[in-house]
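To keep things clear, I will list the structure first and then write my remarks on it.
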Amino acid sequence: MKFFRAVFNILQPVWPAGAAWLAERLFFTAPRSRRSTSGRVALAGARRFTLSLEGRRVVGWRWGEPDAPVVYLVHGWASRGSRLAGFTAPLLAAGYGVVTFDAPGHGDSGRGMSSIPEFARTLRAVVARAGEDATPHAVIAHSLGCAATTLALSWGLEVERLAFLAPPADPPTWAHPFARALGIRPEIIERFRARSERRIRFRWADLNVCDIARRLPAHAPLLIVHDRGDETISWNDGVAIAAAWPGARFVTTNGLGHRGVTHDEDVLRRVLDFVIGENSPGDASSRLEHELFYREDRP
């Protein structure tokens with residue numbers, strides 16, 4: 001951080017275009033993350049596939065029978081498709097297929113910049129590929145993947161159910177703390193915003209998840225799980241999305257943080273009950289136990 005603050009202090013007065021170029025690359029390039037042991041184990045039993053999208057390679061994985069209805073797992077920023085691998089085994093046991101992928105600039109899909117529209121276009125391409133012989137059933141998404149899924153829905157993606165874990169309401173506002181941390185001037189932020197909009201073919205102003213949700217022609221049943229102490233995305237973001245989504249169910253957890261909601265056993269059971277419905281694995285006592293564990297709000 002100190003190094004890049006010094007670089008921006010030098011660049012901004014003498015070469016604003018260069019400062020905007022660097023800011024765009026820093027903001028839109030995700031830090032690399034390692035695949036967890038559980039993720040490696042889960043992917044070992046999957047069928048790996050690749051596709052080309054806008055000149056970039058995308059790597060994905062699929063489990064289950066070819067004709068089974070499919071649940072798609074969409075990871076967040078600086079993560080991997082294997083982040084949500086904990087859902088795979090119970091979904092397979094219930095007769096569903098499962099598909100996940102590494103978004104552009106993430107994991108096995110290679111390096112480079114990425115964004116919400118690129119996540120969304122990738123999700124649509126992956127669904128189209130799998131949908132040749134399978135019925136889309138649901139999407140389970142985490143963090144930025146929730147915003148990308150909502151955008152894909154506005155472009156015509158159709159699924160029967162949705163589960164969002166720690167979703168952001170207005171991701172473009174993340175540019176403000178980014179700029180403060182690096183001492184980037186407002187005019188440079190404006191330059192790099194304009195650069196990025198040309199590159200991703202999308203305006204920042206159109207990436208507010210609540211606004212997108214209100215404009216959707218139809219609203220699939222949605223479950224939102226958000227931790228009150230989320231250190232990355234405010235719990236209030238989840239509340240705002242639930243209020244903008246007719247019939248959404250909102251569940252508050254405590255003590256799990258931003259990433260803990262992706263692998264907590266009680267959260268997994270709650271999401272699976274919602275996604276699978278009456279065919280959810282587990283007996284009545286386990287369902288009662290996690291009903292008591294959570295406090296559910298209906299904004």
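We count residues from 1, following the sequence as given.
Sorted by first and then second residue, the ring-ring contact (aromatic ring centres under 6.0 Å, His included) pairs involving residues 101-124 (not counting sequence neighbours) are His75-His106, His75-Phe119, Trp77-His106, His106-Phe119.
Distance check, rounded to the nearest 0.5 Å: OG1 of Thr262 to CG of Leu84 gives 6.0 Å. For the atom pair Leu153 CG and Ile212 CD1, the distance stands at 9.5 Å (nearest 0.5 Å). Rounding to the nearest 0.5 angstrom, the gap separating the CG atom in Asp266 from the CG atom in Leu268 is 9.5 Å. With values rounded to the nearest 0.5 angstrom, Phe250 atom CZ is found 6.5 Å from Ile224 atom CD1. Taking CD1 from Ile116 and CG from Leu207, the interatomic distance works out to 5.0 Å, rounded to the nearest 0.5 Å.
Ser115 meets the side-chain contact (heavy atoms from CB on, under 4.5 Å) test with Phe28, Pro117, Glu118, Ile200; sequence neighbours excluded. In this structure Thr88 satisfies the side-chain contact (heavy atoms from CB on, under 4.5 Å) test together with Trp63, Leu73, Ala85, Leu92, Val98, sequence neighbours excluded. Legend: residues meeting side-chain contact (heavy atoms from CB on, under 4.5 Å) with Arg203, ordered by chain and number and at least two apart, are Glu197, Ala205, Asp206. Contacts of Trp245 classified as ring pair (Phe, Tyr, Trp, His ring centres under 6.0 Å), with partners at least two apart in sequence or in another chain: His219. With sequence neighbours excluded, the residues satisfying side-chain contact (heavy atoms from CB on, under 4.5 Å) with Asp170 are Pro172, Thr173, Asn208.
At a threshold of 4.0 Å, the pair Asp108-Arg57 does not count as salt-bridged, since none of the basic side-chain nitrogens sits closer than that to a carboxylate oxygen. Contact check on Glu54 versus Arg201 returns a salt bridge, with a Lys/Arg side-chain nitrogen under 4.0 Å from an Asp/Glu carboxylate oxygen. A salt bridge does not link Glu24 to Arg191: none of the charged nitrogens lies less than 4.0 Å from a carboxylate oxygen.
Of the N and O atoms on the side chains of His226 and Thr252, not one donor lies less than 3.5 Å from an acceptor on the other residue.
Between the side chain of Thr150 and the main chain of Val209, no donor-acceptor pair closer than 3.5 Å is present. With hydrogens and angles ignored, the 3.5 Å screen pairs a side-chain donor or acceptor of Ser109 with a backbone N or O of Asp102. Not one N or O on the side chain of Asp237 forms a donor-acceptor pair closer than 3.5 Å with the backbone of Pro167. No donor-acceptor pair under 3.5 Å is formed between the side chain of Glu160 and the backbone N or O of Ala220. Judged by distance alone, the side chain of Thr100 and the main-chain N or O of Trp61 form no donor-acceptor pair under 3.5 Å. Using modelled atom types, one side-chain atom of Asp227 and one backbone atom of Gly255 make a donor-acceptor pair closer than 3.5 Å.
The shortest side-chain heavy-atom distance between Pro168 and Ile233 falls under the 4.5 Å cut-off.
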Please walk me through it: do Leu223 and Leu162 pass side chain to side chain contact (heavy atoms under 4.5 Å, CB included)?
-> CA-CA 6 Å; Leu223 172 68; Leu162 297 159; over 6 Å; no

Can you list the steps and then say if Arg228 with Thr253 is a side chain to side chain contact (heavy atoms under 4.5 Å, CB included)?
-> CA-CA 6 Å; Arg228 189 177 290 276; Thr253 64; over 6 Å; no

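Nearest heavy atom pair, residue Ala148 against residue Ala120, reads O-CB, 3.4 Å.
Between His137 and Tyr96, the two ring planes are tilted [angle within 30° to 60°].
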